[in-house]
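Accompanying notes for the structure given below.
Values reported hereafter were calculated over all heavy atoms of this structure, with side chains retained and with hydrogens, waters and symmetry mates removed.
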Amino acid sequence: MITLPEGMPVLAICGYRDAGKTTLIEAVLPELARRGLRVAVIKHDTHGLQVDRPGKDSARLFGAGADVWLHGPGEGFLRVHESAPAGLHRALEYLVSRYDLILVEGHKDTPLPRIWLPGPNGTDPPPGPAPLAVLPRDDHRPRRLMDFFAEWLPAQWRSAPLYGCILIGGRSRRMGRPKQLLTRGGKSWAEHLTAVLGSACRRVVFAGSGPLPPALDEHPRLPDCPDAQGPLAGILAAMRWAPQASWLVCACDTPGFHEDALQWLLAQRRPGRWAILPRLPGAAGVEPLGAYYDLRLRPILETQAQSKRWRLHDLTELPKVETPYVPEALAAAWRNLNHPEDLPEESKGSSNQRGNQRGQSI
């Protein structure tokens, strides 16, 4: 039994021999790429794979029991020893965290979401779960499949877990007190941001060290990753803790962040976009907090941490990262409050309220 993470866009293209599976996949791949989607294809061959020439070094090494990575200019191929269905399951686990869409050619008897392609004689699908669609054997198959993707892929993508993370790792030296404990509208900044993120996220966690109000004790506390610095340390801590989730990440010093700003940010997401880093009107850079990080971005962030590149602004070099401008009416939601003189009067009155502050790390 294949168990897929929730919301993962895996689709099998099934049919008997000569049903046109490869032809159909080949026909839609250029259009999927044009739409900015990164696609992987798993091809099933019941007769075994012929991927190397007998006698070549790589074939000899594989025959001796090693898994072999073949690498050439602009391409690579990994040949591993796997048993079915464990091999398919491992492949899917790896691919779903790196690709916008995984197409499985064949595997008609494997319990995967599937499209059925009737063969030349109009063959019906085998017994089992009903296919999501049956595409007739005609010249309109590619268009019908693209129409299917237009509805199915966003729905799959939206159903994946979305979590929220509030970073509290700063030392608040300029403010002189923990920012997350300052109050706004009778609630601490941390409680306000928890409520905002909680309106859209299944879970809200805190990354970093520092005190929190007792009302937030039930929320997980994650220590910053020791192999990263700055906001990247908190974001990676969250993504490692729940790698199956995508994340909305805020800083604890943006008490003006509200649900309208959150809904605008959510509306910028699309299949194929791995991060949304907003731009404020008139600003030269991007806002890496008050931002969205798709689960597929984690391998890139891990590589960035290994290279000791802590600046999240470097992500703007990637084609998968979107940097839309925030509407003028919402821009204040991303304002950082760093100095006592930045505080509204109601927050200044909370400067000495430091009692009953505690936090529990996990």
Side-chain angles (χ1 to χ4, degrees), residues 2-15 20-46 49-51 67-108 110-115 117 131-133 135 141-142 145-146 148-150 152-160 239 243-246 269-275 293-303 318-321:
I2 301 294
T3 302
L4 298 175
E6 185 179 3
M8 290 299 98
V10 176
L11 184 70
I13 307 296
C14 300
K21 301 183 292 293
T22 302
T23 300
L24 177 60
I25 293 174
E26 184 181 15
V28 300
L29 284 177
E31 178 61 19
L32 292 170
R34 189 188 67 80
R35 298 185 185 189
L37 299 176
R38 190 179 184 194
V39 184
V41 178
I42 296 177
K43 184 172 176 61
H44 182 230
D45 192 329
T46 58
L49 302 181
Q50 300 295 322
V51 298
D67 294 343
V68 179
W69 173 259
L70 303 175
H71 192 276
E75 62 181 341
F77 184 88
L78 178 62
R79 188 182 185 189
V80 299
H81 295 81
E82 292 283 13
S83 60
L88 175 62
H89 195 236
R90 278 190 58 186
L92 289 173
E93 284 183 334
Y94 175 84
L95 294 173
V96 295
S97 64
R98 291 164 172 82
Y99 291 85
D100 301 304
L101 175 64
I102 300 96
L103 299 177
V104 180
E105 181 183 331
H107 279 278
K108 63 181 181 296
T110 302
L112 291 170
R114 56 181 175 159
I115 295 285
L117 306 183
L132 300 179
L135 302 185
R141 260 186 182 175
L145 183 55
M146 290 304 302
F148 173 85
F149 284 142
W152 176 82
L153 188 56
Q156 284 292 104
W157 183 78
R158 286 192 298 267
S159 67
M239 300 188 90
Q244 81 286 358
S246 296
R269 301 183 304 158
R270 303 280 191 282
R273 293 183 176 181
W274 291 3
Y293 293 87
D294 190 88
L295 64 92
R296 296 161 189 86
L297 194 69
R298 181 190 163 194
I300 294 173
L301 295 178
E302 295 283 6
T303 299
L318 303 176
K320 289 288 193 177
V321 175

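- When all heavy atoms of Arg98 and Trp274 are compared, the pair lying nearest together is O-CH2, 3.2 Å.
- Counting non-hydrogen atoms of neighbouring residues, nucleotides and ligands closer than 6.0 angstrom, the CD atom of Glu6 exceeds 12 such neighbours.
- Here the closest heavy-atom approach between residue Ala27 and residue Pro142 is recorded as CB-CG, 3.9 Å.
- The salt bridge (Lys or Arg N to Asp or Glu O under 4.0 Å) search around Arg141 returns none, not counting sequence neighbours.
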Q. Does the side-chain contact (heavy atoms from CB on, under 4.5 Å) test come out yes or no for Trp157 and Asp100, once each step is laid out?
A. CA-CA 9 Å; Trp157 183 78; Asp100 301 304; 5.9 Å; no
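- In this structure, the ring pair (Phe, Tyr, Trp, His ring centres under 6.0 Å) partners of Trp152, at least two apart in sequence or on a different chain, are Phe148.
- When atom types are taken as modelled, the side chain of Lys21 and the backbone of Gly15 share a donor-acceptor pair closer than 3.5 angstrom.
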Q: Any chance you could lay out the side-chain contact (heavy atoms from CB on, under 4.5 Å) test for Val104 and Ile13, step after step, and finish with the verdict?
A: CA-CA 6 Å; Val104 180; Ile13 307 296; over 6 Å; no
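- Across Pro154 and Pro271, no two heavy atoms sit closer than the pair CA-CG, 4.0 Å.
- Salt bridge absent: Asp294 and Lys320 never bring a charged side-chain N and a carboxylate O closer than 4.0 Å.
- Of the inter-residue distances, the one linking Ser246 atom OG with Met239 atom CE reads 6.5 Å to the nearest 0.5 angstrom.
- Of the inter-residue distances, the one linking Leu32 atom CG with Leu153 atom CG reads 8.5 Å to the nearest 0.5 angstrom.
- For the side chain to side chain contact (heavy atoms under 4.5 Å, CB included) test, residues two or more places apart in sequence or in another chain that qualify with Pro131 are Arg114, Trp116, Pro125, Val134.
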(Q) Under the criterion side-chain contact (heavy atoms from CB on, under 4.5 Å), I'd like the reasoning laid out for Val28 against Val39: C-alpha separation, chi angles, the key distance, then a yes or no. (A) CA-CA 11 Å; Val28 300; Val39 184; over 6 Å; no
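- The structure places CG of Leu295 at 7.5 Å from OG of Ser97, a figure rounded to the nearest 0.5 Å.
- The distance from the CD atom of Gln156 to the CZ atom of Arg158 is 10.5 Å, given to the nearest 0.5 Å.
- Each of Ile102, Leu103, Ile42 was scored for a side-chain contact (heavy atoms from CB on, under 4.5 Å) with Val10, with one residue passing: Ile102.
- Pro113 is linked by a side chain to side chain contact (heavy atoms under 4.5 Å, CB included) to Leu4, Leu11, Leu132, counting only residues two or more places apart in sequence or in another chain.
- With sequence neighbours left out, the side chain to side chain contact (heavy atoms under 4.5 Å, CB included) criterion links Thr22 to Lys43, Glu105.
- Every residue meeting the salt bridge (Lys or Arg N to Asp or Glu O under 4.0 Å) condition with Arg35, not counting sequence neighbours, appears here in chain and number order: Glu31.
- Glu93 CD to Met8 CE: the interatomic distance, rounded to the nearest 0.5 Å, is 12.0 Å.
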